[in-house]
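Structure first, then comments.
Counting starts at 1 for both ligands and their atoms, in listed order. The basis for the numbers below is simple: all heavy atoms, side chains too, and nothing from hydrogens, waters or symmetry mates.
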Amino acid sequence: MNNMETKQQYYTETYRPQFHFSPEANWMNDPNGMVYFEGEYHLFYQYHPNGTTWGPMHWGHAISTDLVHWEHLPIALKPDEHGMIFSGSAVVDWNDTSGFFNGQSGLVAMFTHADTYPGSERPRQRQSIAYSKDNGRTWVTYEGNPVISDESITDFRDPKVFWHKETKKWVMILASGQTVRLYTSKNLKEWEFASEFGDGHGSHEGVWECPDLFELPVDGYSNQKKWVLFLSIGDDPSFEEGSRTQYFIGEFNGETFTNDHKPETTLWIDKGRDNYAGVSWSDIPNEDGRRIYLGWMSNWRYANITPTKEWRSAMTIPRVLTLKTMKEGVRLVQQPVQELQKIREKSIHIMNQTIVPSENIISNVKGNTLEIIVEFEFGTAAEFGLKVCKSNLEETVIGYDVTQQRLFIDRTNSGKSDFNESFVGKHEGELSPYDNNKVKLHLFVDWSSVEAFGNNGELVLTDLIFPDQNSKDLELYAVGGNVKVNTLEIHMLKSIWRK
Ligand code: FRU
């Protein structure tokens with residue numbers, strides 16, 4: 001891991017993501033404890049170090065100074081006498097409210113200890129803390145663990161903690177079955193129950209997991225803020241989508257979250273299949289920075305059986321979250337972090353071209369680690385878009401249906417898919433044109449994923465794909481007429497793992 005610059009073969013296994021985070025070996029799921037401290041972004045993650053399927057959970061650890069290149073560090077937290085280490089968060093305790101740091105600042109992690117009730121098979125989930133005085137390199141679990149337990153609730157997990165400036169308290173939000181519970185604390189050790197949210201609100205098509213709660217300006221106005229609540233819902237076999245993440249927009253007064261929408265309104269953060277358990281964090285102290293986010297790029301429906309060998313799963317690219325007023329109301333917008341521009345290598349720029357059926361103007365361009373930004377202007381075509389990771393045998397289609405006003409990723413013929421019958425398919429979401437007749441696509445294509453941002457992130461689709469490594473052709477296509485490409489940029493992206 002330390003001589004990553006020199007190893008030519010490092011991270012070149014079949015399907016290995018080239019610019020997404022994945023563990024060197026073995027199983028990974030949720031991102032945990034995302035925090036920025038003293039120039040470093042910390043990424044902890046649900047990790048099973050002894051196998052490529054889910055198993056006794058540890059917190060794996062990596063750091064980055066630029067959100068693009070990651071350095072693997074030793075495991076941060078291991079199962080102990082209270083159980084496995086499930087998902088959670090980390091905060092900088094700037095003013096030593098916990099008393100762990102002799103008046104200095106340090107990192108405190110909050111997570112779920114998962115075991116079973118003594119003498120029974122019934123799962124027991126309790127909240128615990130650990131602290132680090134050396135920038136996350138080593139951790140001490142608190143002797144008073146667990147700090148929150150409630151014997152009446154079985155699914156009780158994934159604490160996300162943040163500092164609430166107005167009430168000068170720590171707030172914890174955690175999932176409890178089909179609701180979330182909120183607690184407050186002055187010192188991260190003693191917690192008081194504050195409120196519960198969720199009964200009858202949003203989607204309950206699966207167990208509630210991995211909540212997040214944060215404030216964002218609307219349309220960039222800092223005097224007009226809203227609170228956003230993320231909530232992942234687990235895989236329930238009766239619904240075809242598998243696991244996915246919804247969000248709510250509303251108000252939060254330090255104790256209670258109030259939903260702005262009707263309870264039955266359900267908003268999804270991603271219309272693809274492979275973005276789950278994501279969490280947000282800020283890169284300036286006291287939650288004032290950019291709101292950055294990344295998710296686990298998989299789906300519990302098939303996460304344990306995807307066709308990779310040495311490791312399993314990757315994270316999405318980091319994205320910046322904002323809120324925008326659209327015709328249907330205030331909505332979440334996600335855009336790739338700008339830092340990713342530094343892995344652009346060779347670039348191709350095309351302007352003002354008309355695309356007609358059966359002529360591919362980029363047939364000479366090849367690649368499978370790509371960033372593509374394209375503005376289309378409607379012509380007579382009923383559908384248009386791009387085909388990527390293409391050969392005579394396979395292709396992944398990212399297309400726009402003009403009549404339906406829908407952006408889609410079609411991975412029906414994208415490569416290996418026989419590991420699960422629900423993998424093939426077309427995933428889509430609504431995307432209204434701007435200026436009446438334009439849509440913009442921003443795509444990231446890696447060796448086993450596609451992320452599509454429509455109209456500057458108003459709609460996002462994240463999908464895994466498992467194409468052959470030699471499927472490197474690209475196509476700009478139009479169906480049933482023509483479409484204009486006003487601007488097109490294709491950037492070949494460098495591996496973040498090798499020099
Ligand atoms: C979500 C989740 C969490 C839990 C963790 C266990 O993917 O089920 O609720 O803490 O994974 O690995």
Side-chain angles (χ1 to χ4, degrees), residues 23 26-34 43-61 75-79 82-90 109-116 123-130 146 148-150 153-161 172-181 198 203-212 229-237 241-246 269-270 273-280 293-306 311-316 462 464:
N26 294 314
W27 166 271
M28 173 179 84
N29 56 293
D30 316 354
N32 296 148
M34 304 299 309
L43 162 60
F44 302 91
Y45 51 89
Q46 288 288 281
Y47 188 48
H48 180 209
N50 305 314
T52 51
T53 52
W54 192 89
M57 282 290 116
H58 299 53
W59 271 27
H61 188 195
I75 286 170
L77 295 167
K78 298 186 168 93
H82 300 299
M84 303 181 272
I85 314 291
F86 273 18
S87 284
S89 53
M110 313 272 327
F111 53 88
T112 301
H113 258 132
D115 62 355
T116 50
R124 177 168 69 166
Q125 300 181 345
R126 303 182 292 173
Q127 319 317 318
S128 288
I129 60 181
I148 299 180
S149 49
D150 185 331
I153 314 167
T154 301
D155 290 301
F156 189 52
R157 57 177 179 267
D158 310 336
K160 172 78 195 250
V161 176
M172 180 199 297
I173 183 165
L174 74 146
S176 83
Q178 289 291 319
T179 63
V180 289
R181 292 189 172 209
S203 169
H204 291 268
E205 297 172 340
V207 63
W208 280 24
E209 303 183 313
C210 300
D212 193 0
L229 199 163
F230 278 7
L231 218 279
S232 284
I233 62 171
D235 177 27
D236 178 322
E241 293 90 345
S243 54
R244 52 215 151 117
T245 302
Q246 62 180 324
I269 70 162
D270 199 304
R273 287 289 159 82
D274 299 300
N275 182 2
Y276 192 63
V279 281
S280 75
Y293 160 93
L294 56 71
W296 174 45
M297 199 158 52
S298 196
N299 190 315
W300 279 116
R301 182 65 50 93
Y302 42 69
N304 275 285
I305 49 168
T306 53
W311 84 100
R312 255 208 194 93
S313 297
M315 298 302 177
T316 67
T462 305
L464 290 176

Please name all residues satisfying side chain to side chain donor-acceptor pair (under 3.5 Å) with Thr306, sequence neighbours left out, ordered by chain then number.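 Listed in chain order: Arg312.
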
I'd like to know if the side chain of [X] pairs up with that of [Y] as donor and acceptor (distance under 3.5 Å, no hydrogens or angles considered).
X: Ser87; Y: Asp30; result: yes
X: Thr112; Y: Gln127; result: yes
X: Asp235; Y: Tyr276; result: no

Ring centres under 6.0 Å, that's the criterion: do Phe111 and Phe44 meet it?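 Not close enough - the centres of the two rings lie 6.0 Å or further apart.
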
I'd like the atom pairs linking ligand 1 to the protein - N or O on both sides, separation under 3.5 Å - with distances to 0.1 Å.
from	atom 1	to	atom 2	distance (Å)
ligand 1	7 (O)	Asp30	OD1	2.7
ligand 1	7 (O)	Asp30	OD2	3.3
ligand 1	7 (O)	Trp300	NE1	2.9
ligand 1	8 (O)	Glu209	OE2	2.8
ligand 1	9 (O)	Arg157	NE	2.7
ligand 1	9 (O)	Asp158	OD1	3.4
ligand 1	9 (O)	Asp158	OD2	2.6
ligand 1	9 (O)	Glu209	OE2	3.2
ligand 1	10 (O)	Ser87	N	3.1
ligand 1	10 (O)	Asp158	OD1	2.6
ligand 1	11 (O)	Asn29	ND2	3.2
ligand 1	11 (O)	Asp30	OD2	3.2
ligand 1	12 (O)	Asn29	ND2	3.1
ligand 1	12 (O)	Gln46	OE1	2.7
ligand 1	12 (O)	Trp54	NE1	2.9

Would a distance-only check, ignoring hydrogens and angles, find a side-chain to backbone donor-acceptor pair under 3.5 Å from Asn299 to Gly242?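 It does not hold such a pair.
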
